[in-house]
Q: 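Just dropping this structure here.
Lettering follows sequence order; numbering is per chain, from 1. If you're wondering where the values come from, they're calculated on a predicted model, not measured in any experiment.
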Amino acid sequence: MVTVRVFVTLKPSLLDSAGRTVADRLQALGYSEVHGTRIGKVIELEVDLADEGRIDEMCRKLLSNPVIEDYRFEVVE
Amino acid sequence: MKAAVIQFPGSNCDQDALWSMRNDVGIGAEYVWHEETSLDGFGAVFVPGGFSYGDYLRCGSMASESPIMQAVKGFANAGGPVIGVCNGFQILCEAGLLPGALLLNQEQKFVCQDVHLEAVNRTSMWTEGVDRVIRIPVAHGEGRYICDADALAELEGNDQVAFRYVGGNNPNGSVDDIAGVVNLSGNVLEALSVVHSS
């Protein structure tokens, strides 16, 4: 078995309203150096083999929405 | 005329829709489970709201890949009337029947209130004859409709904006105050809420 880690993030041009709330809270806790927070997802796949073409297909078909999100993945081991 | 009300695990207001179609509209209506693959015998499709598949991953994402949605896509592309409301809006966007997607409301609040909508498109099978301004209830956490500038220009240019929040009273931050869109041929409508809850 191989682990593949997929990272899905909201496109930079879109407002991440949940991320904005987290940034506000961090600032309220005294971390004034924080000027922005964006929240993404990490999805770990356990697969028989890391066929990059098929993983890319999974990312496009289900794991991310190209209208609003970017993705990348890495084979962990 | 018989309408299909698609049911996913986590659908909501599907019973209201079925009841309303039978009693208010006066047409036949039956549930169709998401694992079905055929819409034979149906003349219209209603994709209800709710939290299909728990809204995991992205709202509507897994429902859009379910077996019945292949049939819904074929039905829509052949000109069959399809309406998606609330989570159904998200599902039809994810299925690629219309451009755009829905994101968490701009102010992170779940919005549950009545809103006034202007019916912008006056010619589609869904919006023809609708009052210019209607008041309907909305209830959603992820209703911020977005699409890129090209898609927006296309929607505007082709008269595909079905509904717009009136007077800038936009409860979720949707681009251009859009509350509903129709496809080019006017047989597919996506809206954040609709008469079934009115």
Q: Within the structure provided, determine whether Arg58(B) and Val8(A) are in side-chain contact (heavy-atom separation under 4.5 Å).
A: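 Not touching, per the 4.5 Å side-chain cut-off.
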Q: Please report the interatomic distance CG(Asn65(A)) to SG(Cys59(B)), rounded to the nearest 0.5 Å.
A: 11.0 Å
Q: Mind checking whether Phe42(B) and Trp19(B) sit in one hydrophobic cluster, side chains of I, L, V, M, F, W, Y counted as touching below 4.5 Å?
A: no
Q: Once you round to the nearest 0.5 Å, how far does OG of Ser61(B) lie from NZ of Lys61(A)?
A: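 So the gap between those two atoms works out to 12.5 Å.
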Q: Given a strict heavy-atom distance threshold of 4.5 Å, which part of Gln106(B) is in contact with chain A: side chain, backbone, both, or neither?
A: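 It is both, since atoms from each part get that close.
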Q: Does the side chain of Val67(A) reach to within under 4.5 Å of the side chain of Asp148(B), using non-hydrogen atoms?
A: no
Q: What part of Leu57(B) is in contact with chain A, defined as an atom under 4.5 angstrom from a non-hydrogen atom: side chain, backbone, both or neither?
A: both
Q: At under 4.5 Å between heavy atoms, what parts of residues 107-129 of chain B are in contact with chain A? List them by residue number.
A: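 Result: Glu107(B), Gln108(B).
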Q: Is a side-chain donor or acceptor of Ser17(A) paired with a backbone partner of Asn105(B) at a separation under 3.5 angstrom?
A: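 It does hold such a pair.
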Q: Could you pull out the closest heavy-atom pair between Leu62(A) and Met62(B), with the gap in Å?
A: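 It is CD1-CG, 3.8 Å.
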Q: If you group Ile, Leu, Val, Met, Phe, Trp and Tyr by side-chain heavy-atom gaps below 4.5 Å, do Met58(A) and Val75(A) land in one group?
A: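 They do share one cluster, since a chain of ILVMFWY contacts under 4.5 Å joins Met58(A) to Val75(A).
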Q: Kindly compute the distance separating CD (Glu69(A)) from CG (Leu103(B)), expressed to the nearest 0.5 Å.
A: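 Output value for this atom pair is 8.0 Å.
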Q: Contact part of Leu63(A) toward chain B, heavy-atom cut-off under 4.5 Å: side chain, backbone, both or neither?
A: both
Q: Test of understanding: clusters of I, L, V, M, F, W, Y form through side-chain heavy atoms closer than 4.5 Å, transitively. Do Val166(B) and Val175(B) belong to the same one?
A: no
Q: Is it possible for you to say whether Phe75(B) and Tyr31(B) belong to one hydrophobic cluster, with membership spreading through side-chain heavy-atom contacts below 4.5 Å?
A: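 Yes; Tyr31(B) is reachable from Phe75(B) via cluster members.
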Q: Is the number of heavy atoms from other residues, nucleotides or ligands under 6.0 Å of Glu52(A) CD greater than 12?
A: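 Open: at most 12 neighbouring heavy atoms sit under 6.0 Å from CD of Glu52(A).
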